[in-house]
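Notes to accompany the following structure.
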Amino acid sequence: MGIVVQKYGGSSVADGEAIKRVARRIVEAKRDGNDVVVAVSAMGDSTDELLGLASQVSPLPPARELDMLLTAGERISMALVAMAISDLGFSARSFTGSQAGVITDSVHGKAKIIDVTPGRIQSAIDEGHIVIVAGFQGVSQDTKEITTLGRGGTDTTAVALAAALDADVCEIYTDVDGVFTADPRIVPTARKLDTVTYEEMLELAACGAKILHLRCVEYARRYDIPIHVRSSFSHLEGTIVRGSIDDQAHQESTMEAAIIAGVAHDRSEAKITVVGVPDKVGEAARIFTALADAQINLDMIVQNVSAAATNLTDISFTLPRSDGAVAMAALDALQDEVGFESLQYDETIGKVSLIGAGMRSHPGVTAKFFASIAEAGVNIGMISTSEIRISVVVSEIDVDAAVAATHTAFDLDADEVEAVVYGGTGR
Ligand code: ASP
Ligand code: MG
């Protein structure tokens, strides 16, 4: 008997009816002869509602208490799903992340899973129960505090459980039929991918495709767990995430495989410019050390050539908007030491990225990408690349146009609309 690990997102468990539907689906997998372990997200938009409540009582809530609050969302859905399953005549046991042995570091709000000790889950499976685990949460090894894994973290809970239990596959049930060549909410003619490699999926997730949590893909790649992304609202086959761009099989098949996996976009970043930085050894190190000490993840970084007359340069970078205030405060404290002129903060940016393993061997992809954006009348602010990705920063209002133009330029549009968005927010 194999172990199947499934994950249901917020829109799949949005209300009582949805929870009963999910319970029937879970029971189906059990009836097929599998041991079933399920990670669930909080119902619908309830995480956002909890965040709203927190901000009503405090503009900057203590991170520990925020984690306590947010983990309640997943506890509600885990218990309700277990109840709905028992109503179908099957026995289910729900567990919090901590009970399930999800051990993390101690960073509240974006904790990393460092170990999974699934003893209690394994015993429950051995006793014949279906196991339901609250997603997105764990317990810190050092501080013993309850932690959360960052928005969308239930995906990572599911893959970590799949790895710890040696499952064959991790099924991520969501509100679209799989991974698409672009967000179907922006490009209705987006096409579903049958398969995508870990590396491409990592780039897609890192560039704003909300379909999978970034850490979940990193985890799956490290432990070689295939992920099946599919809809909980249909029985269609979804997208399988597996394999490396370096695999022999992949190299052979790229002859026919698409050059481009998809176009991702991100409206969650901001841009900071440090204006008038003295062009001398060590200044960039000082600036970026301060940001690292504040636990801020940076994305693109650009330093301009310094003006000969002044020997001053500007350094710009992008970061999550949610870290904007903390980053500005950290830099402000540095002004006298570094001696830069001023700081600029811009939240009206968006990022558009083109991703595909085939761009390694096909020249001209960059030129075509820039040409399609120019034809859409969109101005490019910053550029960055990796081996299998090109990203540009544009004005936030131009994101949709740039995504659509690029999608068409690379022949990714389907003849007929195949993307169905069954609900929710894409989380
Ligand atoms: N409920 C959390 C969120 O909304 C975690 C998740 O859904 O994966 O981000
Ligand atoms: Mg999600």
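When a ligand or atom number is given, it counts from 1 through the structure's own listing order.
Close contacts between ligand 1 and R151 involve ligand atoms 3 (C), 4 (O), 9 (O) [criterion: under 4.0 Å to a heavy atom].
Partners of S391 under the side-chain hydrogen bond (donor to acceptor under 3.5 Å, both in side chains) rule, at least two apart in sequence or in another chain, are S353, R389. Under the side-chain hydrogen bond (donor to acceptor under 3.5 Å, both in side chains) criterion, T408 pairs with D413, sequence neighbours left out.
Considering backbone and side-chain N/O of K7, none are found under 3.5 Å from N/O of ligand 1. For the pair G152 and ligand 1, the shortest N or O to N or O distance falls below 3.5 Å.
Contact annotation for H213 and ligand 1: no heavy atom of the residue comes within less than 4.0 Å of the ligand.
Between the choices L149, T47, T154, D48, the shortest heavy-atom distance to atom 8 (O) of ligand 1 belongs to T154.
For K368, the NZ atom is densely surrounded, since the number of other residues' heavy atoms within 6.0 Å is greater than 12.
How far CG of D314 is from CD of Q303: 9.0 Å, rounded to the nearest 0.5 Å.
For the pair G153 and ligand 1, a heavy-atom separation below 4.0 Å is found.
Cation-pi check for R21 over F233 is met; the charged atom lies under 6.0 angstrom from the ring centroid and within 45 degrees of its normal.
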